[in-house]
2 protein chains.
Amino acid sequence: MARQARALATRQAVLLAAAEVFDERGYAAATMAEILERAGVTKGALYFHFHSKEELALAVIEGQAAWLATWQPTSDSPVQTLIDLGYAFSHALLDDPLVRGSIRLTIEHGSFTQPQIEAYQGWSDVARGLLEQAREAGDLHPGLDVAAAAGVITGAVTGIQLSSQVLAGRQDLLRRMADLWTLLLPGLVQPHALARLSVAERAPRGA
Amino acid sequence: MARQARALATRQAVLLAAAEVFDERGYAAATMAEILERAGVTKGALYFHFHSKEELALAVIEGQAAWLATWQPTSDSPVQTLIDLGYAFSHALLDDPLVRGSIRLTIEHGSFTQPQIEAYQGWSDVARGLLEQAREAGDLHPGLDVAAAAGVITGAVTGIQLSSQVLAGRQDLLRRMADLWTLLLPGLVQPHALARLSVAERAPRGA
DNA sequence: TAGAATACCTACTGGACGGTATGCGATCTC
DNA sequence: GAGATCGCATACCGTCCAGTAGGTATTCTA
């Protein structure tokens, strides 16, 4: 095991550097040279762990699914959990380069469509599951199309995040998330449920 | 004039081909060779009209601002006009390669940040103007933050469009737009105004 | 401690890509 | 109708980039 310790460290360094560069430049504009330089690693070391640029990108995308997989519900109320998830994701986006790079690669369609679709679908499925729980709890408007709402929410979060990044370097991301929920919730949940929800962030940090 | 007619045609052909390739591949992955091939034009012709790849991309982005500039209000109700604008934009996205390419270049941040910010801001400003009219007309919820709502709406439309593209090649774009408004409007306008709005698309075509 | 994987380093390659230099026919000007 | 400009064609260039070949150090195994 000790023999793999160093190897694991360089692998992580490469992955982190790649995520950063992919986040900043996008897939096509990212160069292996910059990733190498930032990771403080030579070409041979990188290509020992990852056989190609594409494989490296896929490994970064995987980080997103991993983040979502480790995430845990935070409230008895499904809708409140959904809101909290949005804030937890925002913090991940602000703090975790792997998530940032992963998101940019997911958004940038073209090269590897399959994992991108899966990433989107993963988010949409989580949202949909929570909404179905909320419907069973009687929180949602009766006629609401749960699948459609899940699609709108994931799309909206994607766009909010993107515009925050382009316009303000993500500095106003949390505020924009609050704005989103303020606008969305009245169309989603019934008044009696609305009163019990906190649109603003509840805890200073998630997980 | 007859001499410039041909020149204008090749310029348009180049611009169109460039928009298509930028839309499909993104800026960095797009190659001049593919643009040339698709435009049916030689390198000399292209570089006569556009001095660099970047200049070509900027010209494509300009098409977006041009589209927005030619757009005209479609209703006495500002909110209805906003909804209609969303659908008109969706149709432009489906039909007009220039708008498609322009949007992708705007979303793909990195190379030329300035025009991208302006493009976003242009959309946000239009939305904000309409919302302010709606507030004066007494249609909106009293405490609503108009600027915040405009930011959310432009961001959400951006994200809806993106997820529709990645997941379904934009085939379900119009349906997703309807879903968005269904969810958003209750948080935006008061019930009496809500009754007068059409969430679904009103006319078969815009403009 | 021999040797066999493992983990990494250095130098190189082939090709693609954006951009340029130069030339040439058509059209306009006077 | 002669030069000048416009609009385009072709061939070429320097650079950069992903990936590889082959060697070397390190660490595990027995």
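Labels below follow one simple rule: chain letters A, B, ... track the order of the sequence lines, proteins then strands, and each chain is numbered from 1. Note that the structure is predicted; figures quoted are calculated from it, not measured.
Summarising the geometry, the separation between OH on A:Tyr27 and P on D:dC17 is reported as 14 Å, rounded to the nearest angstrom. Distance B:Leu36 CG to D:dT10 C1': 12 Å, rounded to the nearest Å. The nearest whole Å value for the distance from the NZ atom in A:Lys53 to the P atom in D:dT20 is 15 Å. Separating the NE2 atom of B:His51 from the C1' atom of C:dG18 is a distance of 15 Å, rounded to the nearest angstrom. Going from atom CE of B:Met32 over to atom C1' of C:dG18 covers 7 Å, rounded to whole Å.
Contact check of residues 41-49 of chain A against DNA chain C (heavy atom, cut-off under 4.0 Å) returns A:Thr42, A:Lys43, A:Gly44, A:Ala45, A:Phe48, A:His49.
Applying the 4.0 Å criterion to OP1 and OP2 of C:dC8, one finds that A:Thr10 has a side-chain N or O inside that range.
Looking at heavy-atom distances under 4.0 Å, B:Ala9 makes no contact with the nucleic acid at all. At a threshold of 4.0 angstrom between heavy atoms, the contacts of B:Ala28 with the nucleic acid are absent.
Sequence neighbours left out, the pairs with a member in residues 64-92 of chain B that pass salt bridge (charged side-chain N to carboxylate O under 4.0 Å, His left out) are B:Asp84-B:Arg202.
Using a distance-only test at 3.5 Å, with no hydrogens or angles considered, a donor-acceptor pair links the side chain of B:Gln80 to the main chain of B:Ser198.
More than 12 heavy atoms of other residues, nucleotides or ligands lie within 6.0 Å of CZ in B:Arg176, so this atom counts as buried by the packing criterion.
Ring geometry for A:Phe89 against A:Trp67 counts as perpendicular: the plane angle is over 60°, on a 0 to 90° scale with 30° as the lower cut.
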